[in-house]
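One structure is given here, and the rest of the page talks about it.
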Amino acid sequence: MRVGYLQFDPIFAEVKRNLDRVAERLSRETCDLMVLPELFASGYQFVSETEVRALAEPVPDGPTTQRLVEIARERNMHLAAGLPERGTDGCYNSAVLVGPQGFIGLYRKTHLFFEETLWFRPGNTGFQVWDLGVAKVGLMVCFDWYYPESARTLALKGAEIICHPSNLVLPHCPDAMVTRSLENRVFAITANRIGTEARGGKPPMTFIGNSEVVTPRGKILQRAPRDREEAAVIEIDPAEAANKALNPYNDLLKDRRVELYNP
Ligand SMILES: NC(=O)CCCC(N)=O
């Protein structure tokens, strides 16, 4: 199975331009599953609720999801990507999974970071896994990595690959995802953005790049640079995520002592 990430530098609010550039870049890639960053077509540093509402879109009928479906159909690939979603009860920092057959699923970011808490409602979908046939895939978004329960829940629900659209600004995640993959014996594909945003007189936010694919044994198969756009496609075997046995005496998930975990 060929999977990868598109590390990308969007221009804030230039949704059509960003989508066109992504479509052009993906027209040169062949893979089964490509992960794009969080808020990849809108940008990140919102300055008002009005701005968020203007850029947020319904899922799956909004333009970004529909364009992703078009690309998935044209390129015969699955895409996981982040976008601002306009729900019936407010806006969410969401991610969608689409494929050649169309829209597959929606995830709303559970753990909001920094000023996201001003603009978005906390996600209410919970962590979900979809069986693509070629692999079982789960979604989490950026700051969800800080909570081990995120990747653990996806692993317990059978995810072989965790798609992790991100807009990372802190330095720790790329190394931390090695542990998330190791402790859950899953593949993780983190797709981060690059660039800097400094809007509305706010302090600049610089995104750290370092998108990566990590194996269930914690091996980094590819990590992007900090400050260059990059599309990478790697051959993996999702079945490596099926066996949770560390040795004949230890099974990572079966051996959990849940009765002792409650604080
Ligand atoms: N957009 C985000 O959720 C950033 C999370 C903090 C970090 N890990 O950079």
Side-chain angles (χ1 to χ4, degrees), residues 5-13 15 18 35-49 51-52 55-56 64 80-85 90-96 106-127 138-154 162-184 188-200 202-214 220 223-229:
Y5 55 74
L6 176 60
Q7 179 162 291
F8 182 64
D9 185 5
I11 294 182
F12 188 87
V15 173
N18 294 327
V35 184
L36 277 58
E38 173 185 18
L39 300 170
F40 80 96
S42 60
Y44 182 84
Q45 200 178 43
F46 301 102
V47 296
S48 71
E49 277 203 61
E51 195 170 65
V52 177
L55 284 167
T64 296
L83 76 164
E85 177 205 355
C91 296
Y92 294 91
N93 185 348
S94 297
V96 293
L106 165 72
Y107 167 70
R108 291 170 169 170
K109 186 175 182 179
T110 305
H111 306 98
L112 298 172
F113 176 70
F114 193 51
E115 292 189 340
E116 293 168 38
T117 59
L118 303 176
W119 316 129
F120 298 109
R121 297 174 66 89
N124 57 5
T125 56
F127 297 99
L139 276 177
M140 67 181 198
V141 175
C142 206
F143 194 44
D144 285 331
W145 77 265
Y146 231 107
Y147 297 81
E149 295 86 348
S150 306
R152 176 53 51 90
T153 303
L154 289 169
I162 293 179
C163 297
H164 185 213
S166 293
N167 275 189
L168 298 168
V169 291
L170 302 177
H172 319 105
C173 177
D175 290 340
M177 287 310 292
V178 171
T179 303
R180 291 291 172 269
S181 296
L182 203 57
E183 67 190 359
N184 293 296
I189 307 170
T190 296
N192 194 18
R193 62 164 289 182
I194 59 169
T196 298
E197 286 183 358
R199 304 188 65 253
K202 292 173 184 286
M205 295 186 90
T206 296
F207 302 92
I208 66 164
N210 280 169
S211 301
E212 62 183 2
V213 179
V214 184
I220 300 170
R223 181 179 283 183
R226 289 179 58 87
D227 53 4
R228 190 161 39 84
E229 291 186 329

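We count ligands from 1, going down the list as the structure has it; atoms in each ligand are counted the same way. Along the sequence shown, residues are numbered consecutively beginning with 1.
- Taking the six-membered ring where tryptophan is involved, the planes of Tyr44 and Phe207 are perpendicular, since the angle between them exceeds 60° and thus also 30°.
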Atom pairs and distances, ligand 1 N/O vs protein N/O under 3.5 Å:
from: ligand 1; atom 1: 1 (N); to: Glu38; atom 2: OE1; distance (Å): 3.3
from: ligand 1; atom 1: 1 (N); to: Glu116; atom 2: OE2; distance (Å): 3.3
from: ligand 1; atom 1: 1 (N); to: Asn167; atom 2: O; distance (Å): 3.1
from: ligand 1; atom 1: 3 (O); to: Lys109; atom 2: NZ; distance (Å): 2.8
from: ligand 1; atom 1: 3 (O); to: Phe143; atom 2: N; distance (Å): 3.2
from: ligand 1; atom 1: 8 (N); to: Trp145; atom 2: NE1; distance (Å): 2.9
from: ligand 1; atom 1: 9 (O); to: Val169; atom 2: N; distance (Å): 2.8
from: ligand 1; atom 1: 9 (O); to: Leu170; atom 2: N; distance (Å): 2.8

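- The CG atom of Leu170 sits 7.5 Å away from atom CD1 of Ile208, with the distance rounded to the nearest 0.5 Å.
- With values rounded to the nearest 0.5 angstrom, Asn124 atom CG is found 10.5 Å from Tyr107 atom OH.
- Taking CG of Asp144 as the reference point, atom NE2 of His164 lies at 6.5 Å (rounded to 0.5 Å).
- The distance from atom NE2 of His111 to atom CG of Asn93, rounded to the nearest 0.5 Å, is 13.0 Å.
- Residues Val213 and Tyr5 are in side-chain contact: their nearest non-hydrogen atoms beyond the backbone lie under 4.5 Å apart.
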